[in-house]
Amino acid sequence: DATRLALAESGDTIDDANFTHESANSAILKLFTLYKWIEENLETLDSQRTGEFNFFDRLFNNELNYVIEKTRNAYENMLFRDVAKFCFFDLHAVREEYNRLAT
């Protein structure tokens with residue numbers, strides 16, 4: 001998956017790709033960090049908040065839907081660099097912002 005992410009970041013036009021080993025190594029680190037975050041949250045799933053959505057939950061849900069729509073449009077237009085940006089990096093930023101605001 002890290003290779004796919006690095007390749008998608010390197011470009012999707014007829015111009016020369018700008019694939020770098022640093023980009024691939026960065027993708028490996030980001031995916032591993034995401035994996036560890038998922039593991040940690042699955043372990044504490046029973047102790048997480050439940051109930052009605054608050055303002056930040058609704059904001060997070062809206063941002064998720066917006067990023068999903070941007071990703072879908074990028075896929076339809078075969079803009080795979082944008083797909084990687086929206087689907088991975090923008091979702092990561094939305095999750096981090098939600099964690100910062102909701103706690």
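For the numbers below, each heavy atom of this structure counts, side chains included, while hydrogens, waters and symmetry mates do not.
Note that the OH atom of Tyr35 and the CD atom of Glu40 stand 11.5 Å from one another [nearest 0.5 Å]. Separating the CD1 atom in Ile68 from the CG atom in Asp90 is a distance of 12.0 Å, to the nearest 0.5 Å. The CZ atom of Phe53 sits 5.5 Å away from the CG atom of Asn61 when rounded to the nearest 0.5 Å. Residue Leu45 holds its CG atom at 11.0 Å from CD of Glu43, rounded to the nearest 0.5 Å. The CG atom of Asn54 lies 10.0 Å from the CG atom of Leu101; values are rounded to the nearest 0.5 Å.
Screening residues 54-68 for salt bridge (charged side-chain N to carboxylate O under 4.0 Å, His left out) gives Arg49-Asp57 as the qualifying pairs, with residues at least two apart or on separate chains.
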Next on the checklist: Applying side-chain contact (heavy atoms from CB on, under 4.5 Å) to Phe60 and Asn99, what does each step give before you reach the verdict?
Outcome noted: CA-CA 10 Å; Phe60 179 63; Asn99 284 339; over 6 Å; no
Next on the checklist: side-chain contact (heavy atoms from CB on, under 4.5 Å), that's the test. Do Lys30 and Phe89 meet it? Break it down for me.
Outcome noted: CA-CA 10 Å; Lys30 288 175 184 172; Phe89 298 105; 3.3 Å; yes
Checklist entry - Run the side-chain contact (heavy atoms from CB on, under 4.5 Å) check on Gln48 and Asn41 step by step: do they pass? => result CA-CA 9 Å; Gln48 292 182 9; Asn41 278 282; 3.1 Å; yes
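Tyr66 OH: 12 or fewer foreign heavy atoms inside a 6.0 Å radius.
What you find for Phe88 and Leu31 is that their closest heavy atoms are CE1-CD2, 3.5 Å. Nearest heavy-atom pair, Ala74 versus Asp82, reported as atom, atom and distance to 0.1 Å: CB-CB, 3.9 Å. Contact detail for Tyr75 and Phe80: the closest heavy-atom pair is CD2-CE2, 3.9 Å.
Under the 4.5 Å side-chain criterion, counting only non-hydrogen atoms from C-beta, Asn25 is in contact with Ile28. Annotation: side chain of Leu34 is not in contact with side chain of His92 (no heavy-atom distance under 4.5 Å).
Ser26 places no side-chain N or O within 3.5 Å of a backbone atom of Glu22 that could act as its donor or acceptor partner. In this structure, the side chain of Asn77 does not engage the main chain of Leu79 through any donor-acceptor pair within 3.5 Å.
Both Phe86 and Leu59 are assigned to one and the same hydrophobic cluster, defined by single-linkage of ILVMFWY side chains at heavy-atom distances under 4.5 Å. Hydrophobic clustering, with ILVMFWY side chains joined whenever heavy atoms are under 4.5 angstrom apart, keeps Ile38 apart from Leu64. In terms of hydrophobic clustering, with Ile, Leu, Val, Met, Phe, Trp and Tyr side chains grouped at heavy-atom distances under 4.5 Å, Phe56 and Val67 are assigned to a common cluster.
Every salt bridge (Lys or Arg N to Asp or Glu O under 4.0 Å) that Glu69 has, sequence neighbours left out, goes to Arg72.
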